[in-house]
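Comments concern the structure below.
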Amino acid sequence: MVVNVRFMLRKHWRVIFYPLGLLPAVWLLCEGQQGALGADPVNVFERSLGLWAFRFLLCCLALAPLRRFTGINLLRYRRLTGLLAFFYALMHLAAYIGLDLGFDWSTLWRDVTHRSFIILGMGALLMLVPLAVTSNMRAMRMLRGRWKLLHRLIYPAALLAGIHFFLSFKTLNSISAPYLVALGLVLLARISRRSKTI
Amino acid sequence: AAPLQTHRGPYSAVLEPTPHEDVTHYNNFYEFGMDKADPSSQSQEFQPLPWTLEITGLVKKPLRLDVEQLLKSSEIEERIYRMRCVEAWSMVIPWDGIPLANLLRNADPDPRATHVAFESVVRPLEMPGQNGGFSGIQWPYVEGLRLDEAMNPLTLIALGIYGETLPNQNGAPLRLVVPWKYGFKGIKSIQRIRLLDHEPPTTWNRLAPDEYGFYANVNPQVDHPRWSQASERVIGARSLFGARRQPTLMFNGYGEQVADLYRGMDLRAHF
């Protein structure tokens with residue numbers, strides 16, 4: 001058994017990246033607990049989690065163009081980055097409902113039925129759910145050709161997340177602009193892709 | 001910030017002020033940058049004195065006020081007001097200032113005047129946020145009130161907070177405070193006040209007219225398109241799990257003093 005665990009760890013040592021990827025969340029939580037997130041800690045916490053979700057989503061989307069344009073093959077990290085994006089999006093949602101709204105369900109209901117800003121964010125998260133659920137080998141084998149088709153959902157999800165992110169600021173600014181440019185580039189790379197090999 | 005000669009005014013009592021640290025380090029002042037921390041960290045170069053405040057337009061006696069003199073005025077009084085930001089957070093700030101009505105009366109408004117326009121300062125060398133054309137904001141920042149709103153006893157020209165002159169990040173050397181309106185109406189570092197016979201353009205209304213109205217009265221029943229205005233996060237909790245949210249009050253709790261100004265108006269249309 002011990003040998004088995006060591007063998008598994010040697011073979012799947014990359015699982016270490018999951019807890020590593022979640023470190024920013026742990027860090028934010030500690031900072032928030034100690035009052036280091038400033039005057040409006042809930043807002044900073046909530047927005048930071050959303051930003052990390054968007055960052056991992058962008059990383060995930062950048063891996064294919066990275067290989068195409070530079071030959072650097074990190075495609076095996078698509079599941080890792082995609083799942084981390086999903087985890088952060090979930091925590092972002094939990095912070096919004098629990099800490100920001102204080103479980104005020106009626107306000108939540110009004111938000112998700114009336115506000116395009118919230119609807120877009122929710123839409124992006126909902127699209128990530130089937131991707132996260134089918135991110136394992138078994139689902140991949142079961143779905144075969146349809147798996148690829150399903151996972152193209154990441155593009156509309158990223159687009160919605162991008163608009164949601166843009167709308168979370170009162171104006172376009174130097175914080176949001178680089179991320180929006182990055183999103184534009186990865187989406188452009190997808191559109192301009194000629195070969196269907198990836 | 002230098003100590004300021006001030007005395008207790010009305011409307012002080014009962015409210016517990018937000019910690020000084022938060023009032024001076026959590027600011028929206030886009031002339032110094034977009035982030036809430038930018039105004040405190042990026043405003044060191046700004047020289048608020050000497051400063052001249054002009055009151056012109058439809059007045060019989062145009063004024064050019066030396067703000068260094070104004071800072072010595074015995075009219076400066078403390079007003080502890082709620083401050084509600086359009087972004088759904090709130091503070092309580094102990095301002096020191098002079099009712100705007102007092103200043104306007106000295107200029108003797110012409111009977112034709114119906115509105116008051118405010119203009120802030122443009123100094124790209126001292127205000128890094130004015131350098132990039134990124135945000136789409138046209139400088140100077142401009143704001144406006146109806147004359148009766150400007151003459152309301154609550155409306156204040158603040159010269160200080162916490163018994164000291166205004167820190168740069170809070171709008172030194174003088175700013176507008178209209179406690180029943182969203183914070184963005186409180187134009188900072190004012191250089192010119194003009195009385196007009198028409199409604200002046202205002203910065204945020206110009207930028208996004210469907211999101212920010214001319215009136216911008218705090219109103220829990222009229223939501224911002226992107227978020228609810230029914231409640232607000234109370235600044236000053238520090239810890240993530242100690243944060244509070246409280247219901248937002250109509251006219252930010254100043255209805256008794258100002259509701260009459262809007263009698264018969266549809267506040268959904270004139271938001």
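Per chain, numbering begins at 1; letters A, B, ... match sequence-line order. As a basis for the values below, the full set of heavy atoms in this structure was taken, side chains included, without hydrogen atoms, waters or symmetry mates.
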- At a heavy-atom separation under 4.5 Å, does B:H25 approach chain A through its side chain, its backbone, both, or neither? neither
- Item | Top of A:V44, A:L167, A:D104, A:I118 for chain B proximity - count of heavy-atom pairs under 4.5 angstrom | A:L167
- Task: Run the salt-bridge test on A:R115 and B:D223 with the 4.0 Å N-O cut-off and return the result as yes or no.
- Result: yes
- Task: Look at the rings of B:F184 and B:Y182 and say which category their plane angle falls in: under 30° parallel, 30 to 60° tilted, over 60° perpendicular.
- Result: parallel
- Message: Can you tell me which portion of B:V86 sits under 4.5 Å from chain A's heavy atoms? Options are side chain, backbone, both or neither.
- Response: side chain
- Query: For A:D111, is it the side chain, the backbone, both or neither that has a heavy atom under 4.5 Å from a heavy atom of chain B?
  - Reply: side chain
- Task: Would you please say whether a donor-acceptor pair under 3.5 Å links the side chains of B:R268 and B:Q221?
- Result: no
- Query: Is the shortest side-chain N to carboxylate O distance from B:R245 to A:D100 below 4.0 Å?
  - Reply: yes
- Which of A:L84, A:I154, A:V186 passes side-chain contact (heavy atoms from CB on, under 4.5 Å) with A:C60? Answer is A:I154
- Pair count under 4.5 Å, heavy atoms only, with chain A: among B:G236, B:P225, B:A243, highest is B:P225
- Query: In terms of heavy-atom pairs under 4.5 Å, which option from B:D35, B:V23, B:L240 contacts chain A the most?
  - Reply: B:L240
- Can any side-chain N or O of B:S189 pair as donor or acceptor with the backbone N or O of B:V121 at less than 3.5 Å? no
- Counting heavy-atom pairs under 4.5 angstrom with chain A, the leader among B:E87, B:E21, B:E211, B:R244 is B:E87
- Message: For B:N28, which atoms come within 4.5 Å of any heavy atom of chain A: side chain, backbone, both, or neither?
- Response: side chain
